[in-house]
Protein chains: 2
Amino acid sequence: MGRPAWLNEEETRAWHAFMAAGALLNRRLDQQLKEGAGISHLQYEILVRLSAAPDRELRMTELADALYNSKSGLTYQITQLEKAGLVHRRSCANDVRAVYACLTDAGQRVLEQAAPGHVALVRELLIDVLTPDQLTAVADGLGAASRRMLGQP
Amino acid sequence: MGRPAWLNEEETRAWHAFMAAGALLNRRLDQQLKEGAGISHLQYEILVRLSAAPDRELRMTELADALYNSKSGLTYQITQLEKAGLVHRRSCANDVRAVYACLTDAGQRVLEQAAPGHVALVRELLIDVLTPDQLTAVADGLGAASRRMLGQP
DNA sequence: AGCTCCTGGTTTGAATTTGAACAAGGCCGG
DNA sequence: CCGGCCTTGTTCAAATTCAAACCAGGAGCT
């Protein structure tokens, strides 16, 4: 390819900012959720997906894909959430292999209680810091990058 | 605050794209570096910082801060890198408590051998996917967000 | 010196993540 | 219906991460 081998100053700035923001933001969100609701950021995301799904339940694999997480990692987390009573497993009638993770009422309550503070923090630390143009650029640019990575696995 | 409680469609798109890109990119980079050079992405970043530092050495704390990583996490990684012969520890004459992590020649070689492929992948998966405007917006916007998070610890 | 508080790194143990191996069902051509 | 092959989810051991507790060593004050 005719691409330059290294990154110029602007590209380096973007790359570093991207990595730094990701690391810092994740740590903050994790901390807040653990203190406030006793769940990790990953667990919060699991609850969000389940809550938004029809019948508040999803197959393990669907969930793993949606979270860009390994299957074994998800098995672990669902087990934890099940112990905490926020989720329960249900096996599928059609396909014996399949397992549905279902959000319990307790899980829904924890989610509803945690969501406002979580969203407020996402806003404060990221969304509201960006100008409208930057917001659009991030959505478009990083959205394209994500799709690209999902496309060529 | 008079801020809306939830995120609108555009904001949600940006937020999801940001999280997805971070997760996917990290996984890819980690994979490539492990296959190609036998080191993790975090270890690669450690080598990069050391290589760029005067005398190719940095204090443990400086390194931990630069990587947005916990001190204990860094202790672990430096121990691993030391076992692999890519880094060695040196205690400071002035302050007995302080420890310098120094890049060895072997470490420098591993870095030089891994860097081109790594940069090429960063380019392919992120940098070259962004338009020039998007690149600037990411650098500015996420840079501002990072500084903000570092400012109010 | 003696005392207290701050700093730099390490240790420790629990929680989590990872990837490979596994068990069991499905799916499909022969 | 059989056999090979793909898919689902779990299990397992090893590697990594995290946070809290822990050692010293400095720094400043009396």
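In what follows, every chain begins at residue 1, and chains take the letters A, B, ... in the order their sequences are listed. All of these numbers come straight from a predicted model, not from anything done at the bench.
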**Student:** To the nearest Å, give me how far apart CG (D30(B)) and C1' (dT18(C)) are.
**Tutor:**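 Going from CG in D30(B) over to C1' in dT18(C) covers 10 Å.
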**Student:** Please list every donor-acceptor pair under 3.5 Å in which a side-chain atom of residues 129-143 of chain A meets a protein atom from a residue at least two apart or in another chain.
**Tutor:**
residue, atom, partner, partner atom, Å
T131(A), OG1, Q134(A), N, 3.1
Q134(A), OE1, T131(A), N, 3.1
T136(A), OG1, P132(A), O, 3.1
T136(A), OG1, E10(B), OE2, 2.5
D140(A), OD1, R13(B), NH1, 3.0
D140(A), OD1, R13(B), NH2, 3.0

**Student:** Only one of V87(B), L86(B), T79(B), L81(B) passes side-chain contact (heavy atoms from CB on, under 4.5 Å) with K83(B); say which it is.
**Tutor:**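 It is T79(B), the one option of V87(B), L86(B), T79(B), L81(B) that forms the side-chain contact (heavy atoms from CB on, under 4.5 Å) with K83(B).
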**Student:** For L63(A) and dT7(D), what is the distance between atoms CG and P respectively, to the nearest whole Å?
**Tutor:**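 It works out to 19 Å between those atoms.
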**Student:** Specify the separation, in whole Å, of atom CG of N26(A) and atom C1' of dT16(C).
**Tutor:**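 Roughly 14 Å, once rounded to whole Å.
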**Student:** What parts of residues 70-101 of chain B reach DNA chain C, counting only heavy atoms under 4.0 Å away?
**Tutor:**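 The stretch gives K71(B), S72(B), T75(B), R89(B), R97(B), A98(B), V99(B) as the residues lying under 4.0 Å from the strand, ordered by number.
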**Student:** When you measure from every atom of DNA chain C, which of residues 55-62 of chain B have a heavy atom less than 4.0 Å away?
**Tutor:**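 The answer is R59(B), M60(B), T61(B).
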**Student:** Let me know the distance between CD of E35(B) and C1' of dG19(C), rounded to the nearest Å.
**Tutor:**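 Rounding to the nearest Å, CD of E35(B) and C1' of dG19(C) are 12 Å apart.
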**Student:** Are R56(A) and D105(A) within salt-bridge range, i.e. N to O under 4.0 Å?
**Tutor:**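 Looking at D105(A) together with R56(A), the answer is yes, because their closest N to O distance falls below 4.0 Å.
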**Student:** Rounded to whole Å, how long is the line connecting atom NE2 of H41(B) with atom C1' of dT18(C)?
**Tutor:**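 Distance check: H41(B) NE2 to dT18(C) C1' gives 17 Å.
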**Student:** Give the ring-plane orientation class for F18(B) versus F18(A), where under 30° counts as parallel, over 60° as perpendicular and anything between as tilted.
**Tutor:**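 Correct class here is perpendicular.
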**Student:** Between R148(A) and E124(B), is there a side-chain heavy-atom distance shorter than 4.5 Å?
**Tutor:**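 They are in side-chain contact.
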**Student:** What integer distance in Å separates K34(B):NZ from dA14(D):C1'?
**Tutor:**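 Taking atom C1' of dA14(D) as the reference, NZ of K34(B) is at 12 Å.
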**Student:** For a quick test of reading the model, state the closest non-hydrogen atom pair linking A101(B) to I78(B) and the distance between them.
**Tutor:**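 That would be CB-CD1, 4.0 Å.
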**Student:** Starting from W15(B), can I reach L24(A) by hopping between I/L/V/M/F/W/Y residues whose side chains sit under 4.5 Å apart?
**Tutor:**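 Yes, L24(A) and W15(B) fall within the same hydrophobic cluster.
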**Student:** Nearest whole angstrom, please: distance from the P of dA15(D) to the CG of L42(B).
**Tutor:**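 Going from CG in L42(B) over to P in dA15(D) covers 16 Å.
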**Student:** Using whole Å, report how far CD1 of I39(A) lies from P of dA15(C).
**Tutor:**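 One finds 17 Å between P of dA15(C) and CD1 of I39(A), rounded.
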**Student:** Is the closest side-chain heavy-atom distance between R27(A) and M149(B) below 4.5 Å?
**Tutor:**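 When only atoms from C-beta onward are counted, M149(B) and R27(A) do not touch, as no gap falls below 4.5 Å.
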**Student:** If you take all heavy atoms of L29(A) and V122(A), which pair is closest and at what distance?
**Tutor:**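 Residues L29(A) and V122(A), closest heavy atoms: CD2-CG2, 3.9 Å.
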**Student:** Go nucleotide by nucleotide along DNA chain C from the 5' end; which of Q43(A) and Q31(B) gets its closest nucleotide reached first?
**Tutor:**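 Whichever sits nearer the 5' end wins; that is Q43(A).
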